[in-house]
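So you know, we letter chains A, B, ... as the sequences are listed, proteins then strands, and number each from 1. Values reported hereafter were calculated over all heavy atoms of this structure, with side chains retained and with hydrogens, waters and symmetry mates removed.
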Number of protein chains: 2
Amino acid sequence: MKTTEKITDAELEIMKVLWNRKSLTLNEIVGELSKEEPKNKSTIKTLLYRLIDKKMVKSVQKNKKENEYKPLISEKKYLKNANENFLEKLYDGNVDHMLLNFVEDKKITKEEIEKLLKIIDE
Amino acid sequence: MKTTEKITDAELEIMKVLWNRKSLTLNEIVGELSKEEPKNKSTIKTLLYRLIDKKMVKSVQKNKKENEYKPLISEKKYLKNANENFLEKLYDGNVDHMLLNFVEDKKITKEEIEKLLKIIDE
DNA sequence: AAATTTGGATTACAGTTGTAAACTATAAAT
DNA sequence: ATTTATAGTTTACAACTGTAATCCAAATTT
């Protein structure tokens with residue numbers, strides 16, 4: 001089961017805006033990411049290039065001056081992989097153990113679980 | 001909420017054996033870690049030293065020749081922190097979203113949820 | 001047409017991480 | 001007492017990461 005190529009934390013922030021909006025120019029990405037605190041455009045360029053190298057993002061000419069960047073991997077697929085890695089690394093793949101910890105830390109409440117049960121019985 | 005100092009993947013493997021056995025000498029650690037595939041003792045030494053630097057492990061003289069290494073942070077506390085980081089980084093802290101993904105990926109089944117409900121009603 | 005701006009592309013650089021060798025002092029063996 | 005082995009400690013080094021500057025070529029402005 002080939003592991004999806006690793007995305008670093010900083011790169012992930014880029015992917016998140018691409019997943020949200022499907023396709024964006026550099027400036028749009030910078031704009032999105034700078035909503036909280038302004039981000040350096042040069043840094044974002046680098047991250048974008050690294051994602052392109054990793055085949056996570058593709059770059060398509062949009063107009064004379066700008067390219068558009070599009071995610072090549074879906075958020076779902078990425079999350080699936082990340083979930084598995086997390087579970088394996090911290091809980092040796094034991095979901096029960098993981099859930100129990102979340103419940104103990106009050107991250108998961110009874111209400112949440114019941115809600116989940118309902119959804120499963122869809 | 002000061003974040004617990006970061007433990008890297010390789011360091012985590014060391015912590016895991018310490019958490020399991022409470023206190024071990026270098027050779028015992030190497031032994032534990034080498035059950036699957038042999039590990040380089042020198043590498044393990046480095047990781048141990050880094051953990052000591054980070055105040056995650058302390059070193060106590062055991063006998064004339066050897067020290068004993070003990071975890072300074074509990075597994076529970078580490079996991080709590082790691083859970084929070086994971087949740088925040090990938091799901092913006094939204095547990096429901098996370099759970100739903102695990103369910104979709106068949107990582108969590110209905111049985112598991114019902115088991116969990118029982119435990120909560122302890 | 002020349003100057004300026006700007007996105008795309010490359011290069012830089014320090015800190016972290018995985019991996020391991022080198023060095024040192026002392027316990028154990030001879 | 002001398003040699004040898006080894007735990008403890010320090011140093012090394014390349015790949016990866018976060019951050020950003022520099023370079024280049026084309027579009028836009030003057």
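- Judged as a ring pair (Phe, Tyr, Trp, His ring centres under 6.0 Å), the pairs with a partner in residues 95-115 of chain B (not counting sequence neighbours) are, in order, B/Tyr91-B/His97.
- Listed by chain and residue number, A/Asp121 satisfy the side-chain hydrogen bond (donor to acceptor under 3.5 Å, both in side chains) test with B/Lys110 (two or more places apart in sequence, or in another chain).
- Within the structure, no pair that satisfies the ring pair (Phe, Tyr, Trp, His ring centres under 6.0 Å) test touches residues 21-64 of chain A, not counting sequence neighbours.
- Rounded to whole Å, atom C1' of C/dG18 lies 12 Å from atom CD1 of B/Ile14.
- Within the structure, the ring pair (Phe, Tyr, Trp, His ring centres under 6.0 Å) test picks out no pair touching residues 55-75 of chain A (sequence neighbours left out).
- The list of salt bridge (Lys or Arg N to Asp or Glu O under 4.0 Å) pairs with a residue in residues 92-108 of chain B, not counting sequence neighbours, reads A/Lys76-B/Glu104, A/Glu84-B/Lys107, A/Lys115-B/Asp96.
- Computed from coordinates, the A/Lys45 NZ to C/dT11 C1' distance equals 13 Å when rounded to whole Å.
- For A/Lys89, the side chain to side chain contact (heavy atoms under 4.5 Å, CB included) partners are B/Asp9, B/Leu12, not counting sequence neighbours.
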Name every donor-acceptor pair, under 3.5 Å, that has one atom in a side chain of residues 25-32 of chain B and the other anywhere in the protein, sequence neighbours excluded.
| residue | atom | partner | partner atom | Å |
| --- | --- | --- | --- | --- |
| B/Thr25 | OG1 | B/Glu28 | N | 3.2 |
| B/Thr25 | OG1 | B/Glu28 | OE1 | 3.4 |
| B/Asn27 | OD1 | B/Lys41 | NZ | 2.9 |
| B/Glu28 | OE1 | B/Thr25 | N | 2.7 |
| B/Glu32 | OE1 | B/Lys35 | NZ | 3.3 |
| B/Glu32 | OE2 | B/Arg21 | NH1 | 2.9 |

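- The closest side-chain heavy-atom distance from A/Leu90 to A/Met98 is not below 4.5 Å.
- Taking both residues in full, the closest heavy atoms of A/Met15 and A/Pro71 are given as CE-CB, 4.1 Å, listed atom of the first, atom of the second, then distance.
- An OP1 or OP2 oxygen of C/dG8 is reached within less than 4.0 angstrom by a side-chain nitrogen or oxygen of A/Tyr69.
- Applying the ring pair (Phe, Tyr, Trp, His ring centres under 6.0 Å) test to every pair with at least one member in residues 13-42 of chain B, sequence neighbours left out, gives these pairs: B/Trp19-B/Tyr78.
- Mapping heavy-atom proximity under 4.0 Å, the span of DNA chain D touched by chain B runs 5' to 3' from D/dT6 to D/dA12.
- Within residues 32-44 of chain B, the residues approached by DNA chain C to less than 4.0 Å at the level of any non-hydrogen atom are B/Asn40, B/Ser42, B/Thr43, in residue-number order.
- Rounded to whole angstrom, the span from the OH atom of B/Tyr49 across to the C1' atom of C/dT24 amounts to 11 Å.
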Completion exercise
Readout for nucleotides 25-30 of chain C: B = base within 4.0 Å of protein heavy atom, S = sugar-phosphate only, - = neither; 5' to 3' it is -BS---

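- Remark: P of C/dT10 and CG of A/Leu48 are 14 Å apart, rounded to the nearest angstrom.
- Spacing between atom CD1 of B/Ile7 and atom C1' of C/dT16 amounts to 15 Å, rounded to whole angstrom units.
- Here the C1' atom of nucleotide C/dG18 and the NZ atom of B/Lys6 are 13 Å apart, to the nearest Å.
- In this structure, the CG atom of A/Asp9 is 15 Å from the P atom of C/dT16, given to the nearest Å.
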Please list, one pair per line, the donor and acceptor atoms closer than 3.5 Å that link side chains of residues 53-61 of chain B to other protein atoms, with sequence neighbours excluded.
| residue | atom | partner | partner atom | Å |
| --- | --- | --- | --- | --- |
| B/Lys54 | NZ | B/Lys6 | O | 2.9 |
| B/Lys54 | NZ | B/Glu11 | OE1 | 2.7 |
| B/Lys54 | NZ | B/Glu11 | OE2 | 3.1 |
| B/Ser59 | OG | B/Asn67 | ND2 | 2.7 |
| B/Gln61 | NE2 | B/Asn63 | O | 2.7 |

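- You'll find that the side chain of A/Glu66 is closest to C/dG7, out of C/dT19, C/dG7, C/dA22.
- Between B/Lys54 and B/Thr46, the one whose closest nucleotide on DNA chain C sits nearer the 5' end is B/Lys54.
- Taking atom CG of residue B/Leu47 and atom P of nucleotide C/dT19, one finds them 8 Å apart after rounding to whole Å.
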